[in-house]
Amino acid sequence: HGSVRFEDVRFSYDSNRPILKGVTFDVPAGKTVAIVGPSGAGKSTISRLLFRLYDVSSGRILIDGRDIRDVTQVSLRAAIGMVPQDTVLFNDTIRYNIRYGRWNATDEEVEAAARTAQIDGFIRMSPKGYETEVGERGLKLSGGEKQRVAIARTVLKAPPILVLDEATSALDSHTEHEIQEALEGVSRNRTSLVIAHRLSTIVGADEIIVLDQGRIAERGTHAGLLAAD
Ligand code: ADP
Ligand code: ADP
């Protein structure tokens with residue numbers, strides 16, 4: 001389980017400027033849907049509404065057929081693994097940052113999550129491996145590396161639904177490739193909503209939704225959308 005449905009969702013942060021103007025889509029259980037579109041289209045707003053950082057102005061958001069307003073915040077937070085863009089890490093070790101939220105995880109489980117998120121190589125190269133300090137006071141990581149640590153944390157928690165707002169920071173093509181692979185490993189057989197800023201990210205998505213000025217402008221598969229151009 002872990003299906004998501006947006007049903008005619010409308011939303012504005014303030015009353016006079018609509019941001020989402022009637023958005024309807026499904027993320028079937030186990031599938032990956034990517035949302036793309038120009039900056040300001042409302043993509044990140046969709047992830048914030050699903051996580052209930054804000055409530056819809058009208059329409060409904062359903063998880064497994066239940067309106068998220070009827071679900072407790074605790075079970076909503078447990079159902080959704082949210083990897084925000086521009087992830088901030090704790091001033092602690094890599095191991096702490098991955099294990100955060102699942103303290104009973106074994107070292108083997110932490111390391112398996114790191115492999116899925118494609119950071120095991122990068123951790124081996126770090127001065128003290130898993131005990132390397134990161135965050136403000138520690139080793140400086142790129143936006144993509146921070147996000148992959150956050151992806152490993154989410155993998156370890158294994159929530160039914162994954163929401164990933166891809167880092168917007170400039171990534172070199174090697175990091176971009178690693179993020180894409182991490183994402184494929186993570187989203188396989190897991191209900192995933194990916195806010196994509198790079199085309200490479202959406203190749204593996206089951207459906208791509210093109211959002212423009214708060215409306216769905218186009219939808220289809222990667223191949224289908226390419227053929228339509
Ligand atoms: P995208 O992720 O597609 O770039 P966003 O969902 O972040 O777009 O933003 C959509 C629109 O909502 C933008 O015009 C943005 O300026 C506006 N917006 C985003 N956050 C807020 C906020 N907290 N208050 C008011 N307007 C906001
Ligand atoms: P991003 O574009 O990286 O998703 P945000 O969602 O935080 O970043 O912001 C998107 C846009 O919304 C930005 O242009 C920002 O200036 C604007 N914005 C963010 N918060 C507010 C707010 N409280 N009021 C008005 N505009 C906002």
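Ligands are counted one by one from 1 in listed order, and the atoms in each one are counted from 1 as well.
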statement: In ligand 1, the atoms that come under 4.0 Å of a heavy atom of Pro38 are 3 (O)
task: Would you kindly check if the NZ (Lys) or CZ (Arg) of Arg77 is within the cone defined by 45 degrees around the ring axis of Phe51 and under 6.0 Å from the six-membered ring centre?
output: yes
Proximity winner for atom 3 (O) of ligand 1, if only heavy atoms of Gln85, Arg48, Arg17, Lys43 are counted: Lys43
Ligand 1 to Ala41 polar contact by distance, N or O atoms, under 3.5 Å: yes
message: Within the 3.5 Å criterion, strictly below it, is a donor on Thr72 or Ser75 matched to an acceptor on the partner's side chain?
response: yes
Side-chain polar contacts of residues 18-38 - donor-acceptor pairs under 3.5 angstrom, sequence neighbours left out - could you list them?
from  : atom 1 : to     : atom 2 : distance (Å)
Lys21 : NZ     : Gln213 : O      : 3.0
Thr24 : OG1    : Asp8   : N      : 2.8
Asp26 : OD1    : Arg5   : NH1    : 3.3
Asp26 : OD2    : Arg5   : NH1    : 2.7

Gly214 touching ligand 1 at heavy-atom level, < 4.0 angstrom: no
SB check Asp67 Arg69 (cutoff 4.0 Å): yes
task: Closest by any non-hydrogen atom to atom 10 (C) of ligand 1: pick that one out of Gly40, Ser47, Gly37.
output: Gly40
Cut-off 3.5 Å, no hydrogens considered: what does the side-chain donor-acceptor table look like for residues 152-161, sequence neighbours left out?
from   : atom 1 : to     : atom 2 : distance (Å)
Arg153 : NE     : Asn97  : O      : 2.6
Arg153 : NH2    : Asn97  : O      : 3.2
Arg153 : NH2    : Asn97  : OD1    : 3.2
Thr154 : OG1    : Ala150 : O      : 2.9

query: Within the structure, does Thr45 bring an N/O atom to less than 3.5 angstrom of an N/O atom in ligand 1?
result: yes
query: In terms of atom number and element, which parts of ligand 1 are under 4.0 angstrom from non-hydrogen atoms of Tyr54?
result: 23 (N)
field: Thr45-Tyr54 side chain donor-acceptor pair, cut-off 3.5 Å
entry: no
